[in-house]
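Along the sequence shown, the residues carry numbers beginning at 1. Quick caveat, the model's predicted, so the values are computed rather than measured. Excluded from the calculations below are hydrogen atoms, water molecules and symmetry mates; all remaining heavy atoms, backbone and side chain alike, are included.
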Amino acid sequence: MKKLGKVGAALALTLSMTLLGACSSNNGGNTAADAGKTDSAATKAPAANATKEAKDITLGFSQVGAESGWRSANTKSIQDSAKEAGYTLKFSDAQQKQENQIKALRSFIQQKVDVISFSPVVESGWDTVLKEAKAAGIPVVLTDRAVDSKDTSLYVTFLGSDFVEEGRKAGKWLTEQYKDASEDVNIVELQGTTGSAPANDRMAGFAETIKDNPHLKVIASQTGDFTRAKGKEVMQAFLKANKKIDVLYAHNDDMALGAIQAIEAAGLKPGQDIKIISVDAVKDGMQAASEGKINFIVECNPLLGPQLMQVVKDVVDGKPVEARIVTEESTFTSDQAKEALPSRQY
């Protein structure tokens, strides 16, 4: 089997996607995506001296951590795809700490890898280390999460979901469910890690979409750090502090699953007494949805490995790449989750 043939054949079409083809026409409102204009210096990969064989390509990748089922699936996709492509992968787990991630990026620079890729723990505070990578002549590819740097020449492209659009999808479903509401609908929100792109953007997209319905009111919003344990803990606090909660909006499935435990412990029925919206659509979340405990899931595809490996090859070969590559994703009601669950890959 050819090492790169499978990756290239499967992804020739996905790499031609632009933001207009996969998301809303205004670039999803994502801060990093807004920076990635088509006339930016980031739209072209640095020129390569010569085409490298796959076996000669070294990719340094720094992962956020292992905080959720989504992240584990994302890590596996990257590791498996690098192996299949024939690349040398230097992998680092930041364990949810920015300082660990910056240390890993500097290590990759010292090791003179061909390409650096990472999923930023938070949006801010990257310019110094990215400038170091640029000075060393090592191109950087962002995956899954954005940075808020105004200098888009510090990275070649951002590959991942449109988090603002994910928030909008959640809000649109909720707005439709309560379009005829005559009384206030009390919503609590479990945010992702404070300062992270998905937390910021999923909150913004949701708020933007529900604002025109005066009955939809977010009465409490707090971080659950994308973890099941924290989601349960914060939901317990929400239930104690608020006599009436109609809807839970969780920024990922793991927090929603933790919240379900708290709701059931309080003698309530998730999906009935409290409607639940979450983001990710990992297998555990889809299982809960198929059982009616989650009413609506917005998909965030973690299987970015094949696309990333093709981007790396193009960058090393000096080929131009899009400044923003958005993954295609869907949404699931409980019935749709039940239908899709048997063939779910993650």
Legend entry - Exercise: identify the closest heavy-atom pair between Ser149 and Leu154: OG-CD1, 3.7 Å
Legend entry - Heavy-atom closest pair, residues Tyr178 and Asp246: OH-O, 4.3 Å
Legend entry - Reported NE2-to-NZ distance for the pair His215 and Lys179, which is rounded to 0.5 angstrom: 15.0 Å
Inset, instruction - Determine yes or no for a side-chain-to-main-chain donor-acceptor pair under 3.5 angstrom, with Arg324 supplying the side chain and Gly160 the backbone. - result: yes
Legend entry - Side chain to side chain, Phe226 and Asp254, heavy atoms closer than 4.5 Å: no
Legend entry - Note, Glu165 side chain near Asp201 side chain (heavy atom, < 4.5 Å): no
Legend entry - Within-4.5 Å side-chain heavy-atom neighbours: Leu190 and His251: no
Legend entry - Crowding at CD, Glu291 (>12 non-hydrogen neighbours, <6.0 Å): yes
Inset, instruction - Please report the C-alpha distance between Lys169 and Glu166 in whole Å, then the side-chain angles of each, then the deciding distance to 0.1 Å, and finally whether the salt bridge (charged side-chain N to carboxylate O under 4.0 Å, His left out) criterion is met. - result: CA-CA 5 Å; Lys169 288 176 180 177; Glu166 290 172 352; over 6 Å; no
Legend entry - Thr143 OG1 to Leu308 CG distance, which is reported to the nearest 0.5 Å: 6.0 Å
Inset, instruction - Check whether Val147 and Ile102 end up in the same hydrophobic cluster, where Ile, Leu, Val, Met, Phe, Trp and Tyr are linked by side-chain heavy atoms less than 4.5 Å apart. - result: yes
Legend entry - Which atom of Leu257 lies closest to which atom of Ala288, heavy atoms considered: CD2-CB, 3.7 Å
Legend entry - Ile277-Val164 co-clustered via ILVMFWY side chain contacts under 4.5 Å: no
Legend entry - Candidate pair Arg228 and Asp284, rule side-chain contact (heavy atoms from CB on, under 4.5 Å), full reasoning: CA-CA 11 Å; Arg228 198 170 301 197; Asp284 285 353; 3.2 Å; yes
Legend entry - Rounded distance (nearest 0.5 Å) linking atom CD1 of Ile187 with atom CG of Leu248: 10.0 Å
Legend entry - Contact check, side chains of Trp173 and Thr331, non-hydrogen atoms, under 4.5 Å: no
Inset, instruction - Go through the steps for Thr75 and Phe91 under the test side-chain contact (heavy atoms from CB on, under 4.5 Å), then give the verdict. - result: CA-CA 9 Å; Thr75 292; Phe91 185 89; 3.5 Å; yes
Legend entry - Closest non-hydrogen atom pair, Leu239 against Ala262: CD1-O, 3.7 Å
Legend entry - pair Val218-Tyr249: side-chain heavy atoms closer than 4.5 Å: no
Inset, instruction - Check whether more than 12 heavy atoms from other residues, nucleotides or ligands sit under 6.0 Å from atom NZ of Lys243, and answer yes or no. - result: no
Inset, instruction - Locate the shortest heavy-atom distance separating Ile260 from Pro270; write the atom from each residue and the value. - result: CG2-CG, 3.8 Å
Legend entry - Donor-acceptor under 3.5 Å (Ser119 side chain, Gln63 main chain): no
Legend entry - Donor-acceptor pair, side chain of Arg202 and main chain of Ala170, under 3.5 angstrom: no
Inset, instruction - Starting at OG1 of Thr88, measure out to NZ of Lys55 and round the result to the nearest 0.5 Å. - result: 10.0 Å
Inset, instruction - Indicate yes or no: at least one non-hydrogen side-chain atom of Phe108 is less than 4.5 angstrom from one of Leu59. - result: no
Inset, instruction - For Thr223 and Asp225, indicate whether the former's side chain and the latter's backbone hold a donor-acceptor pair under 3.5 Å. - result: yes
Legend entry - Results of ring pair (Phe, Tyr, Trp, His ring centres under 6.0 Å) for Trp126 - residues two or more places apart only: Phe118
Inset, instruction - Using only heavy-atom distances, determine whether the side chains of Gln307 and Thr327 contain a donor-acceptor pair under 3.5 Å. - result: no
Inset, instruction - Take Asn242 and Asn186 through the test side-chain contact (heavy atoms from CB on, under 4.5 Å) and record every step on the way to the result. - result: CA-CA 9 Å; Asn242 302 280; Asn186 292 336; over 6 Å; no
Inset, instruction - Using the rule that two of Ile, Leu, Val, Met, Phe, Trp, Tyr join whenever any of their side-chain heavy atoms come within less than 4.5 Å, decide whether Trp70 and Val64 are in one cluster. - result: no
Legend entry - Leu89 and Gln79, any side-chain heavy atoms less than 4.5 Å apart: yes
Inset, instruction - Please confirm whether the backbone N or O of Cys300 pairs with a side-chain atom of Asp280, one donor and one acceptor, at under 3.5 Å? - result: no
Inset, instruction - Of all the heavy-atom pairs spanning Gln96 and Thr193, show the shortest one and how long it is. - result: OE1-OG1, 3.9 Å
Legend entry - Exam field: side chain Gln101 to backbone Val121, donor-acceptor pair closer than 3.5 Å: yes
Legend entry - Side-chain donor or acceptor of Ser278 paired with backbone N/O of Asp253 under 3.5 Å: no
Legend entry - Heavy-atom donor-acceptor pair, Ser334 side chain to Ile294 backbone, under 3.5 Å: yes
Legend entry - Atom pair OG (Ser221) and CZ (Phe238), whose distance is rounded to the nearest 0.5 Å: 6.5 Å
Inset, instruction - Answer yes or no: is there a donor N or O on one side and an acceptor on the other, between the side chain of Glu84 and the main chain of Asp80, under 3.5 Å? - result: no
Legend entry - Within 6.0 Å of NZ in Lys90, more than 12 heavy atoms from elsewhere: no
Inset, instruction - Please test Met235 against Val188 for side-chain contact (heavy atoms from CB on, under 4.5 Å), starting from the C-alpha separation and ending with a verdict. - result: CA-CA 9 Å; Met235 191 66 201; Val188 294; 4.2 Å; yes
Inset, instruction - Mark yes or no for whether Ser290, through its side chain, and Gln287, through its backbone, hold a donor-acceptor pair below 3.5 Å. - result: yes
Inset, instruction - Return yes when atom CD of Glu99 has more than 12 non-hydrogen atoms of other residues, nucleotides or ligands closer than 6.0 Å, and no otherwise. - result: yes
Legend entry - Connected via hydrophobic side-chain network under 4.5 Å: Ile276 and Leu341: yes
Inset, instruction - Decide yes or no for Arg106 and Val129: does some side-chain heavy atom of the first lie under 4.5 Å from some side-chain heavy atom of the second? - result: yes
Legend entry - Lys131/Asp151 ion pair, N-O < 4.0 Å: no
Legend entry - Atom pair CD (Glu233) and NZ (Lys230), whose distance is rounded to the nearest 0.5 Å: 4.0 Å
Legend entry - Ion pair check, Arg71 and Asp144, cut-off under 4.0 Å: yes
Inset, instruction - Determine, using the 4.5 Å side-chain heavy-atom cutoff (strictly less than), whether Val247 and Ile274 are members of one ILVMFWY cluster. - result: no
